[in-house]
Amino acid sequence: QVQLVESGGGLVQAGGSLRLSCAASGRAFSGVTMGWFRQAPGREREFVATSRWIGGPVYYTDYADSVKGRFTISRDNAKNTVYLQMNSLKPEDTAVYYCAAASVGRIARQTSDYDYWGQGTQVTVSS
């Protein structure tokens with residue numbers, strides 16, 4: 001069992017920044033593929049970013065085209081925490097953001113690949 005708790009959401013003006021955090025329970029965090037997804041009203045949950053730790057300072061990461069160059073996923077394995085740094089925010093980034101964990105040993109971009117989900121944190125970007 002893995003429990004994920006997101007924090008850091010809020011209201012920000014377009015062009016601003018937020019950093020989301022996701023604290024994970026358990027001692028197997030370093031071997032878990034982590035992801036961020038988001039869901040806006042009336043839309044399906046969509047992939048944002050994912051990260052898998054390879055070893056030492058090496059991580060495999062992947063991003064949705066809509067956020068690449070603006071968002072950065074990072075991990076602190078010692079603290080069992082994954083982050084999503086969001087810069088240059090746009091109104092279309094407004095959504096509930098979810099942290100997720102997958103047991104698959106690869107980069108995963110689909111919701112069905114993930115086994116555990118946080119409760120979500122609201123991000124609202126005003127124009």
Side-chain angles (χ1 to χ4, degrees):
Q1 296 286 344
V2 176
Q3 186 176 74
L4 306 173
V5 180
E6 302 102 328
S7 62
L11 175 65
V12 65
Q13 290 187 330
S17 299
L18 285 173
R19 188 175 77 158
L20 307 183
S21 299
C22 174
S25 65
R27 294 182 177 272
F29 179 79
S30 62
V32 173
T33 296
M34 300 296 298
W36 286 97
F37 290 75
R38 66 188 183 186
Q39 187 166 22
R43 302 183 66 180
E44 65 181 6
R45 193 167 299 184
E46 67 174 350
F47 167 77
V48 175
T50 186
S51 173
R52 183 170 178 83
W53 182 55
I54 304 304
V58 181
Y59 293 85
Y60 286 168
T61 60
D62 195 22
Y63 299 90
D65 290 341
S66 59
V67 306
K68 192 172 185 178
R70 299 188 297 119
F71 291 10
T72 302
I73 187 171
S74 61
R75 299 165 62 142
D76 187 335
N77 289 333
K79 297 181 178 179
N80 285 359
T81 302
V82 63
Y83 305 94
L84 185 68
Q85 178 66 46
M86 305 184 294
N87 298 326
S88 301
L89 283 162
K90 305 175 181 179
E92 52 262 44
D93 294 319
T94 295
V96 176
Y97 283 71
Y98 296 90
C99 176
S103 59
V104 296
R106 56 176 172 82
I107 293 294
R109 297 172 62 99
Q110 301 186 62
T111 58
S112 59
D113 290 323
Y114 288 81
D115 305 299
Y116 306 97
W117 295 85
Q119 82 287 351
T121 185
Q122 176 71 47
V123 172
T124 302
V125 184
S126 62
S127 60

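Only a predicted model underlies this, so the values are computations on that prediction, with no experimental measurement involved.
From Y83, atom OH reaches atom OG of S7 across 9.0 Å, with rounding to the nearest 0.5 Å. Rounding to the nearest 0.5 Å places CD of Q122 at 9.5 Å from CG of L11. Between L20 atom CG and W36 atom CH2 the span is 4.5 Å, to the nearest 0.5 Å. If you take CD on Q13 and OG on S127, they are separated by 9.0 Å, rounding to the nearest 0.5 Å. Distance check, rounded to the nearest 0.5 Å: CZ of R38 to CD of E46 gives 4.5 Å.
F37 is linked by a ring-ring contact (aromatic ring centres under 6.0 Å, His included) to F47, Y114, W117, counting only residues two or more places apart in sequence or in another chain.
L89 is listed as a side-chain neighbour of F71, based on a closest heavy-atom distance under 4.5 Å.
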task: Could you check L18 against V123 for side chain to side chain contact (heavy atoms under 4.5 Å, CB included), going step by step and ending with a plain yes or no?
output: CA-CA 9 Å; L18 285 173; V123 172; 3.9 Å; yes
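Evaluated for a side chain to side chain donor-acceptor pair (under 3.5 Å) with S103, the options T33, D115, D113 yield exactly one hit, D115.
Formation of a donor-acceptor pair under 3.5 Å by the E6 side chain with backbone atoms of G120 is found in this model. Using a distance-only test at 3.5 Å, with no hydrogens or angles considered, a donor-acceptor pair links the side chain of T50 to the main chain of M34.
For the pair R75 and Y59, the NZ or CZ position fails the cation-pi test of under 6.0 Å to the six-membered ring centre and within 45 degrees of the ring normal.
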